[in-house]
Structure formats: C-alpha cells, structure tokens
Number of protein chains: 2
Amino acid sequence: MNRPRITDVARLAGVSTATVSRALSRPERVSAETRATIERAIAETGYRLNHAARNLRHQRTGSIVALVPNLANPYFSQILSGIATVLSPAGYNLLVADTRTTNPLRYADPSHADGLIVLDGSVPPSVLIERPTVVVSEQIPGLSAPGVLIDNEAAAAMAVTHFADLGHRKIGHVTGPRGNVLTEQRLAGTERAASARGLPAPVLIEGDFSLASGRRAAQAWLEMTDRPTGMFLASDEMACGFIGELQRHGIGVPRDVSVIGFDDIEMVEHLTPGLTTIRQPRGAMGCVSAERLLAILNGNDDESDTILPVELILRASTAIPR
Amino acid sequence: MNRPRITDVARLAGVSTATVSRALSRPERVSAETRATIERAIAETGYRLNHAARNLRHQRTGSIVALVPNLANPYFSQILSGIATVLSPAGYNLLVADTRTTNPLRYADPSHADGLIVLDGSVPPSVLIERPTVVVSEQIPGLSAPGVLIDNEAAAAMAVTHFADLGHRKIGHVTGPRGNVLTEQRLAGTERAASARGLPAPVLIEGDFSLASGRRAAQAWLEMTDRPTGMFLASDEMACGFIGELQRHGIGVPRDVSVIGFDDIEMVEHLTPGLTTIRQPRGAMGCVSAERLLAILNGNDDESDTILPVELILRASTAIPR
DNA sequence: AAGGTTGATGCAACCGATTGCAGACCTAGC
DNA sequence: GCTAGGTCTGCAATCGGTTGCATCAACCTT
C-alpha cells in the first residue's frame, strides 16, 4: 500500500485537493464543517504532508546550512547547538557541512538550502553571495553579510587590564597567526590596554591557536631573561599547551606566571589550575546568528553586525605577581 | 532575471528537456554531438540543476538525519564528524537534530530524510521503524536496526584487568544510571573481570555519567573506611569531577588512588594527571554507521551489528598502589 | 427586486525536473 | 528492396502539493 497523497484525502472527504491543501495551510479559509470532514479523512487515511513537494512549489528548501571548519571541534559544536535551538522551532532543518570534507559551493545552490550560517572565516566570499548569509565569529573580508561577532579588541583589553589590576607590569601576548582578523584585533586590544595603563609594550610571541604552538610559546618564555609575569594567549588551546609545558619544567602557575586564555572552552575549567579566560558566549552566538538569518529570510533585517558581550572568567591561573 | 531552468537550456540547444535531462544523468544515452551542444547551452545560460525537483521525482531527499541527544557535547560531535566524512562524498546532506529541542518524529517522515543515524538511545523505537536506521553506541531495546557498537563489557574488563596487573586488589566502580544499557554492560564487565582475577567484588557507586555525579562519587569515596585503590568510572566526565574533587581535598592521583575513565574525550589528555581511559573510536563509529546506512539504502546490507574495538589509553592517573 | 458583497470551493496551471513509450532514422542482413 | 534491430530523440505523464482566478450561493443594501 502506498503512502496516501492529498488526492486520497480529497476523494474520501468528497472535496478537491485545493480545499484539503487550504484546510492544512490556512484553516480559516475553509468552513468549519468541511474542515472537520477533512480532518476525519486525514486521520482515516493516515495522510502526512510531503514536504518535498510543498517546498518545490514554494521555491524553498526548509533547510539552513551551517558551514563549519571542523565539526569535531567543541568550539563550533556549541555554536551549532545554539543554532539548532532557534532553527528547529522555526521549522527549519539544520544542515551541517564540514568545509574540510565538503565543497561549500554545493550549498551556495538555492536548491539545497535557504540560507547559510558561516562559521569558517576562510570560505571565499564568492561562494556566499548567492544566498542569504550570516557570518559568525569571524568576519570575512570582502563580504557584506551581517556578522554575529564579539569585540575582540575590548576582550583583549579586559585581559590586560586584569593583569594590570593585579599589579603585573611585564605582559606577554601569544597571538594567533598573523594576518588573521581575530589575531590582529586581539593584538590591537592588548597593546592599547597596556599603553592605557602605562605598561611597557607587551612581549609578542606568534602562535597559530593550536595546542602545539602554545607549547612552543612556553619554550620561548623559558628562554627569556626578563620573563613576563602575565601571559595572555589568544586561545584556550594555546593556553593549555603553554601551562602544560611550563608545569613539565617545574614552573608554577600562577606562582611564577599568571595566564589568561581566550574562548572558555569547556575543558579549561577542569585544568589544574582552572584557567582564567575570556568567555565567548557561544550558545548565544549561535542563537543570534540563526535569528538574524531568519529575519533576513522574512525580509526584515537591518544589515548591521551584532556584537555580543564577552566576560572575563576568573579562575585560579591568575594571581598577584610575587 | 530568473534562474535558468532545464527548459531554457533545451530551447537554446534546440532539443527537448528530456534530452537535456538525459545528457545530465546518463550522458551515454545521448549522441556526442547533441551532448556538446547541450553543454554549451548549459554554460551559456549558467544552468544548475534544481535538486529539489529531481528529488521529488525520485522520491528521495538526499539527506540523512543524525539524531543526537546533545549537540554541544564533544562526544557526539566527533561521531558526527565521522559521519560527515562519509556522507558528503556520497552526495548526501547531513541533517542534524538535537533531540532535546527537536521532535524526532519530524524526521521519521520520508519527505525529510532518506535514513536515520541515531546516537540517542532514548529515542522510542516506534519513531524509527519507518525509515532505514542505524544506531550508534547505544542499542535501542525493541528496535531491530543494525548497530555500530563497542563491546562495553570487554572494555570494562580491560580497565579492571589493568588495575589487577598493577597490583590493585580493592577496586571501585562508578556506574552510569542503573537500567541504562551501557551501564549494565560496563558493570557486568567490571564484575566479571574482577572475579576472573580473583579480586573481591568491586565497590559500586551509582552515578549518571555527569561531572557532578563524579564529584558526588568522590564524596562517597572520601567517607569510606576501606577505600578502593583503583577507581573505574563509566565516563570521563565523571572521572574529571571525581579527580577534581579529590584534589580539592588533598588526595593525590595516582598517589593515593588510581583512576580510569571511559570514552577518552579530548580534554582528559590535558588534565593533571592525564587520565588513563578506554578510548571509543568515535570518528570510526561515525564513518562505519554512515557506511552501513548507505549500504542499506543501496539494498545490500546484512542486518548485523558492527562491533568496533576499543583501546586502553595509558596516561598518568594510574600507578602501582602504595 | 436588482446589484453588490462576502465566503467557500473547484479548475487547472504550475514548481522543475525525470522517464516509459513510441516514432524517426540509420544500418545491416538476406 | 524490404525488414529487423539499434540508436537517438521527443511527447507527455508524473512526482505531490499550491494558488490565482472563476464560480456560485447566500446574504445585505437601498
């Protein structure tokens, strides 16, 4: 037995398919009596709407695609989770594409998705102009899509200011890869805040956000003659690597050096010592980006960026310098 | 200007839409000459196939949905990542649904997805019978879908055997919630291995896989008069909570108690001490489950379960008892 | 009572492809 | 020269709904 179609319901209810369709999508356009008959027929046949057919007619797909650089990375999956909370009640499906394994071009196609949420700053803007797009976390140069961002400069300034408040004077900063938007913004904030508090220019070490580069930064720190007492690292992963490597060399955190990270990924709460860090509101970033995209799809959006507030989470990796 | 349709290409090439369609899907059925003309017309119009229309005609969706209990949990996102690697080259879209915020029934519908990969053992089997389904990690009682699983009992036995090898005699086990399939299997393995090695019956503490329940287990351990020297916890999260709480009370790991976790979630490598644990091959579980589902969709599958091997990862949280 | 509303319903075109069937043409075989 | 077989292509139905427009009855106005 085949799946019942709208025709079957219509026949059983003794009305046209048009009426059944209307009873489903705009019940108020159908008389109460007919509606009841139709509902009975639907129940009897076990009819269920074919979304593919409806979507074809409506020239939409009912899906939103999220482009993530690495699905296995918890940083992104928490944003995804926020996106899902908003999309699902709105009746949209969430399609997830890992840009390492999937060609993003595939989803620029209108017959795949109604809109895109881009979590990967390295996606070429040419891919994205075809569909409504919102970018999260990383702005894409050359793309005029609304972004859901944080104020990286102010966030970095918070970290440095915290060091200053504790009495640190010699600050170090481990950056992300040079040229990256996030890197430059966090660096600018670091230098601005240091100068605003009358501290000497921060010592810079280049990293690449990865754990390994944090370890290398620790080596660099160990070799310094005049070591910074407060180290601000542009990602929590680097901070983990940094602390781990120092501990291996008998350096105490925060006894010998205070450390601040960036992101507040889940694990850093459980490190010993717990990592003081800048929390990005990842769930909220996901929610807001989904809301913004839905607004665009509904035709009421203002094109502006949304800046979400960050928070300095105080844990045990920072202390007064000795 | 509207998006070009197959009709536009046909008109420009001077052929029927049927021929264009064939040139696209079965080029060998079209003469080389016509094919060339059509390709030129496609290039000129910038035509791109509408997948929604094709899928409607083919009675398929081109999407596979993954049902996850919690998208923000890295344990699941790594499985998802594995799924994505397989699905994408096969031309399928990956739809992700968080069962906390989405009604799984929505995706039982054939007009939404061609098949399901279920990572949530609590999804009622009635939802799943309608579509080809593969379950991952947790078997669902009453559902006869192929599963991609690990041998939880053997895995637990590995942990206990390791304790025995180190010379521990008094073993404790923090379980998941009683009644859960995973809980019972791991418990059975724990008890079997203990008895096989001639150890006294393990001390049991009930947990629920969460960090907080690991902390509670630590309280319970602290209050014991005859404390187990080797504690095996049924999840890494619990192990984190357990160790953190003990350290807060000045108990050294592995100095005073050795600890083994379960899962090998990413963060436990970076704890101090690094956690000895049972690694579940999450990426592989994702890959295999996707492959199995594709096999079912292509009509060649054998209905059996796939058991993937686990591995005991030795780190610094286990040592010879003092 | 004629004309104007309003509300409920049906007709049939449409979304954009795919495909069974049949016709046109060509070649080869006898 | 005629037919069988093969290749290439087009016609038109189909997937399963949606919706603009037309129709018609009932009710309202004046």
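On a predicted model such as this, the values are computed, not experimentally measured, just so you know. The figures that follow rest on heavy atoms only: side chains count, while hydrogens, waters and symmetry mates do not.
With sequence neighbours excluded, the residues that form a side chain to side chain contact (heavy atoms under 4.5 Å, CB included) with B:Leu49 are B:Leu24, B:Tyr47, B:His51, B:Arg54. A search for ring-ring contact (aromatic ring centres under 6.0 Å, His included) contacts involving A:Tyr107 returns A:His112, not counting sequence neighbours. The side chain to side chain contact (heavy atoms under 4.5 Å, CB included) test applied to A:Ser77 returns A:Pro74, B:Ser77, not counting sequence neighbours.
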All N/O contacts under 3.5 Å from nucleotides 13-16 of chain D to the protein, with atom names and distances to one decimal?
unit_1 : atom_1 : unit_2  : atom_2 : d
D:dT14 : O2     : B:Arg57 : NH1    : 2.7
D:dC15 : O3'    : B:Gln59 : OE1    : 3.3
D:dC15 : O3'    : B:Gln59 : NE2    : 3.3
D:dG16 : OP1    : B:Gln59 : NE2    : 3.0
D:dG16 : N2     : A:Ala53 : O      : 3.4

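Taking 4.0 Å as the cut-off between side-chain N and carboxylate O, A:Arg3 and B:Asp109 count as a salt-bridged pair.
Interface limits on DNA chain C: the 5'-most and 3'-most nucleotides within less than 4.0 Å of chain A heavy atoms are C:dA8 to C:dG16.
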(message) Each nucleotide in nucleotides 5-12 of chain D should get exactly one letter: B, S or -. Can you fill that in based on protein heavy atoms under 4.0 Å?
(response) ---SBBB-

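Other residues, nucleotides and ligands place no more than 12 heavy atoms under 6.0 Å from the CZ atom of A:Arg29. Shown here is A:Glu28, whose CD atom has more than 12 heavy atoms of other residues, nucleotides or ligands within 6.0 Å.
With hydrogens and angles left out, the side-chain atoms of B:Asp120 and B:Thr99 include a donor and acceptor closer than 3.5 Å.
Distance CD/B:Glu39 to OG1/B:Thr37: 9.0 Å, rounded to 0.5 Å.
Between the A:Glu184 side chain and the A:Gly179 main chain, a donor and an acceptor come within less than 3.5 Å of each other. Under a 3.5 Å cut-off, the side chain of B:Asp114 and the backbone N or O of B:Gly62 do form a donor-acceptor pair.
Per the geometry, NE2 belonging to A:His51 stands 10 Å off P belonging to D:dG17, to the nearest Å.
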